[in-house]
Amino acid sequence: MPMKPPAPTPEAQFSVKLSPRGVARLKSGHVWVYRSDVAAAEDVPPGALVRVTDPRGKFVGTALYSSSSQIAIRMISRDEVTDLPVLVAERVRAAIAYRKGIVSNTDAYRVVFSEGDFLPGLIVDRYNDVLSVQILTQAMDAEPVREAVLETLVSELKPAGIVERVGARIRDLEQLPPRRSGLLWGEKSATVITMNGGPVDGVRFHYDGLEGQKTGAFLDQRENYAAAAQYAHGEALDVFCYQGGFALHLAPRCSSVTGVDSSRPALEMAEKNTALNGRELEWIEGNAFDLLKEYAAAGRRYDTIVLDPPAFAKTKRDLDKALRGYKELNLRALKMLRPGGILVTCSCSFHVGPQDFLETVADAARDAHKSLRILENRTQAKDHPTLLSVPETSYLKCLISNVSV
Ligand code: SAH
């Protein structure tokens with residue numbers, strides 16, 4: 001008689017009990033539970049796969065546990081899960097398949113967006129034949145999970161190289177051992193990407209996986225670049241231009257484009273990108289606040305202005321200061337825009353909600369004695385999916401307006 005195979009040992013042997021408030025939060029559709037709403041988590045190791053229960057011990061789902069983050073619980077399933085690497089591999093494949101329907105005209109896009117793809121703590125970006133991976137949580141950092149991610153990416157996307165970008169502060173907060181950014185797989189870490197079109201009409205950028213901010217480029221603005229280019233005209237100013245994302249998209253539509261940024265390495269890359277696209281643009285290194293003040297005082301005028309500053313509100317406490325910053329920038333830009341001009345104004349601070357942002361721009365318009373007509377009220381590109389019940393997955397605002405006297 002054939003022997004019965006041994007039953008697999010369930011991995012989710014650890015349990016976390018939530019307070020009634022923690023359960024209510026999950027019922028609302030959110031996937032995070034803060035440590036203050038965890039009633040009991042005895043002997044649960046860092047990064048464990050855990051069974052989550054209500055105060056009476058009734059099973060409510062499976063989650064990833066963090067022993068150090070304020071977000072103690074990140075739900076990954078309403079069902080029992082016993083093999084995390086298998087589930088992660090399945091979800092990475094699903095994320096790749098999801099992009100097939102929503103991403104076109106680009107070889108650079110976000111492949112996995114953490115909670116937005118039901119993979120909390122994992123970010124993967126594709127830059128043509130180079131992939132960039134970021135790991136933000138204890139559970140995703142476990143070796144078997146890393147292996148599952150790499151194997152799936154290699155077999156599904158066949159890259160020439162995979163780099164890991166390490167956020168030292170994030171690893172510190174998650175109490176993970178220090179790690180270096182570098183190549184995880186293959187040979188290649190730098191390449192050229194083409195977005196918003198094919199090899200002939202698309203806009204090209206150099207990408208170096210081991211340099212630059214974020215994972216190298218601001219892919220979340222990809223659809224906004226194309227939208228802004230539709231309305232751009234005349235003399236254009238791209239403020240906080242980084243490596244020229246907006247500026248290079250506006251160039252074919254405008255008589256002149258000037259980009260401003262405080263980072264010299266970013267501008268050096270912008271210059272290389274200009275040559276790559278056969279354009280001539282002007283790049284100015286400086287503090288955007290000072291420069292706008294100076295240009296406004298000197299009576300300079302533009303037909304198109306883009307404002308895409310870094311996140312001013314990193315926490316809720318910074319909100320008032322952030323709103324004052326956005327107001328000042330928008331006010332100065334509006335004063336310099338000619339009638340019929342186009343304002344493209346962005347905020348990537350999650351803590352500044354869409355309504356706060358609209359009110360701040362409206363406030364600036366009032367002070368500048370200008371009327372704005374909204375052309376497009378946009379958000380991040382669709383390859384950075386927003387989960388309706390998880391507000392934190394939506395962070396980018398991009399408002400395109402026509403400015404009248
Ligand atoms: N628009 C860019 C992304 C901008 S990110 C794109 O689409 O690619 C924000 C940029 O603001 C960074 O490049 C950073 O170097 C720059 N920056 C931050 N503070 C600044 C300041 N005070 N003045 C000018 N640039 C600044």
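As the structure lists them, so they are numbered: ligands from 1, and atoms in each ligand from 1.
- Counting only N and O atoms by type, the side chains of Tyr302 and Thr258 include no donor and acceptor under 3.5 Å apart.
- Residue contacts with ligand 1, taken as heavy atom pairs separated by less than 4.0 Å, do not involve Cys346 at all.
- Ring orientation note: the planes of Phe289 and Phe312 are tilted relative to one another, at an angle of 30° to 60°.
- Taking a cut-off of under 4.0 Å to the non-hydrogen atoms of Gly286, the atoms of ligand 1 that pass are 23 (N), 24 (C).
- Between Phe240 and Ala288 the shortest heavy-atom distance is CZ-CB, 3.5 Å.
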> salt bridge (charged side-chain N to carboxylate O under 4.0 Å, His left out) between Glu328 and Arg332: does it pass, once the steps are laid out?
Replying inline: CA-CA 6 Å; Glu328 181 181 338; Arg332 293 198 196 288; 3.0 Å; yes
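- The closest donor-acceptor contact from the side chain of Ser349 to the backbone of His351 lies at 3.5 Å or more, if one exists at all.
- By the 3.5 Å distance cut-off applied to N or O atoms, Phe240 is counted among the residues near ligand 1.
- For ligand 1, the atoms lying closer than 4.0 Å to a non-hydrogen atom of Tyr242 are 2 (C), 3 (C), 4 (C), 8 (O), 13 (O).
- Under a 4.0 Å criterion applied to the non-hydrogen atoms of Ala288, ligand 1 contributes the atoms 21 (C), 23 (N), 24 (C).
- Contact annotation: for Ala266 versus ligand 1, there are no heavy atoms closer than 4.0 Å.
- An N or O contact shorter than 3.5 Å links Asp261 to ligand 1 by distance.
- Under a 3.5 Å cut-off, the side chain of Asn277 and the backbone N or O of Val203 do not form any donor-acceptor pair.
- In terms of polar-atom proximity, defined here as any N/O pair under 3.5 Å, Asp308 does make such a contact with ligand 1.
- Which parts of ligand 1 touch Ser263 is read off a 4.0 Å heavy-atom cut-off, strictly below it: atoms 15 (O).
- Close approach to Asn287 involves these atoms of ligand 1, each under 4.0 Å from a residue heavy atom: 22 (N), 23 (N).
- Annotation: side chain to side chain donor-acceptor pair (under 3.5 Å) contacts involving residues 167-188, sequence neighbours excluded, comprise Ser66-Glu174, Asp129-Lys188, Asp141-Arg171, Glu164-Arg179.
- By heavy-atom distance, the residue among Tyr225, Phe246, Phe312 lying nearest atom 6 (C) of ligand 1 is Tyr225.
- Checking Thr386, Asp220, Thr379 one by one against Tyr395, the side chain to side chain donor-acceptor pair (under 3.5 Å) holds for a single residue, Asp220.
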> When you look at Tyr242 and Phe218, which way does the ring-ring contact (aromatic ring centres under 6.0 Å, His included) test go after all the steps?
Replying inline: CA-CA 9 Å; Tyr242 189 53; Phe218 291 88; 4.8 Å; yes
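- Close approach of ligand 1 to Cys241 is summarised as follows: ligand atoms under 4.0 Å from at least one heavy atom of the residue are 2 (C).
- The N/O atoms of Ser262, backbone and side chain alike, include one that comes under 3.5 Å of an N/O atom in ligand 1.
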